[in-house]
Visitor: 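Quick one: the structure is below, questions incoming.
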Amino acid sequence: HIRLPMTDVQFCQHLVERFEEHLTRLSAQCSQIIVGLHHVPFPQLVPRLQRPGWAFAGAFLGSERFGQVVRRFPGIRYVLCGHSHNGCRLTIGHVECINVGCTYREKNYITIDV
């Protein structure tokens with residue numbers, strides 16, 4: 001729990017804007033970018049579990065707004081994320097998205113070709 005001088009929506013917007021600024025600067029310097037986010041940026045990466053309460057918890061796994069920013073930068077090759085502890089790997093547009101899927105007790109290691 002945290003008390004911010006802004007709403008959750010405003011805080012998310014602030015983070016999205018900073019993320020976009022960082023990617024804009026990187027894009028001017030790099031031809032390929034690997035993005036690392038804790039939270040899930042695409043709804044396709046959210047696990048669809050049929051457990052009571054999961055639909056409620058799933059709403060807090062990430063924000064599509066970060067995924068919208070990712071789609072605007074063609075130099076992004078990979079997005080690595082987690083938070084849901086549910087590993088998966090799929091391609092969304094021009095980006096290979098990897099939810100590493102670690103738990104507190106078990107760690108997963110992945111490799112990517114750069």
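Along the sequence shown, residues carry numbers from 1.
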Visitor: Any donor and acceptor pair, going by atom type alone, linking the side chain of N108 with main-chain N or O of G101 inside 3.5 Å?
Guide: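 Yes: the side chain of N108 pairs with the backbone of G101.
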Visitor: If Ile, Leu, Val, Met, Phe, Trp and Tyr residues are connected whenever their side-chain heavy atoms lie under 4.5 Å apart, and connections chain through other members, are I33 and V70 in the same group?
Guide: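 Yes, one cluster joins them.
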Visitor: Measuring from D8:CG to I2:CD1, what's the distance to the nearest 0.5 Å?
Guide: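 Answer for the CG-CD1 pair, D8 versus I2, is 10.0 Å.
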Visitor: Would you say CD of E106 has more than 12 non-hydrogen atoms from neighbouring residues, nucleotides or ligands within 6.0 angstrom?
Guide: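 No, CD of E106 has 12 or fewer neighbouring heavy atoms, counting only those of other groups under 6.0 Å.
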Visitor: Please say yes or no: joined through hydrophobic side-chain contacts below 4.5 Å, possibly via intermediate residues, are L26 and L15 part of one cluster?
Guide: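 Shared cluster, yes.
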Visitor: Tell me the closest heavy-atom pair linking C102 and K107, and the distance in Å.
Guide: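 Looking at all heavy atoms of both residues, the closest pair is SG-CA, 3.9 Å.
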Visitor: Would you name the heavy atoms of R71 and F42 that are closest together and state the gap between them?
Guide: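 That would be NE-CE2, 3.3 Å.
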Visitor: List in chain and number order the residues that pass side chain to side chain contact (heavy atoms under 4.5 Å, CB included) with T7, two or more places apart in sequence or in another chain; answer none if no residue qualifies.
Guide: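 In terms of side chain to side chain contact (heavy atoms under 4.5 Å, CB included), with neighbours along the sequence ignored, T7 is linked to V9, Q10.
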Visitor: Report the distance from atom OG of S27 to atom CD of E20, rounding to the nearest 0.5 Å.
Guide: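 It is 10.0 Å, given to the nearest 0.5 Å.
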Visitor: Tell me, do L90 and Q44 make a side-chain contact under 4.5 Å, heavy atoms counted?
Guide: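 In contact.
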Visitor: In this structure, which one of F66, F19, F73 forms a side-chain contact (heavy atoms from CB on, under 4.5 Å) with V35?
Guide: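 Option passing the side-chain contact (heavy atoms from CB on, under 4.5 Å) with V35: F19.
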Visitor: Does any part of the side chain of L23, heavy atoms only, come nearer than 4.5 Å to the side chain of V69, both counted from C-beta?
Guide: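 Yes, side chains in contact.
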Visitor: Between Y78 (side chain) and D113 (backbone), is there a donor-acceptor pair under 3.5 Å?
Guide: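 Side chain of Y78 to backbone of D113: a pair is present.
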Visitor: When you compare the side chain of L80 with that of L37, does any pair of heavy atoms fall below 4.5 Å?
Guide: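 Not in contact.
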Visitor: For the residue pair V16 and Q68, establish whether any side-chain heavy-atom pair is separated by less than 4.5 Å.
Guide: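 V16 does not reach Q68 side chain to side chain.
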Visitor: Under the side chain to side chain contact (heavy atoms under 4.5 Å, CB included) criterion, do V114 and I34 qualify, and how do the steps go?
Guide: CA-CA 9 Å; V114 181; I34 299 171; 3.9 Å; yes
Visitor: So if I apply the side-chain contact (heavy atoms from CB on, under 4.5 Å) rule between R89 and each of N99, L45, I112, which one comes out positive?
Guide: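 Answer to the side-chain contact (heavy atoms from CB on, under 4.5 Å) test with R89 among N99, L45, I112: I112.
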Visitor: Got a salt bridge between R77 and E96, using NZ or NE/NH1/NH2 to carboxylate O under 4.0 Å?
Guide: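 Salt bridge: no.
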Visitor: When rounded to the nearest 0.5 angstrom, what distance separates CD1 in I76 from SG in C30?
Guide: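 That separation rounds to 11.0 Å.
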Visitor: Could you list the residues that satisfy side chain to side chain contact (heavy atoms under 4.5 Å, CB included) with P43, not counting sequence neighbours?
Guide: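 Checked P43 against side chain to side chain contact (heavy atoms under 4.5 Å, CB included); matches are R48, E64.
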Visitor: Do the non-hydrogen side-chain atoms of C81 and V100 ever get within less than 4.5 Å of each other?
Guide: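 The answer is no, as the side chains (C-beta and beyond) never meet within the 4.5 Å cut-off.
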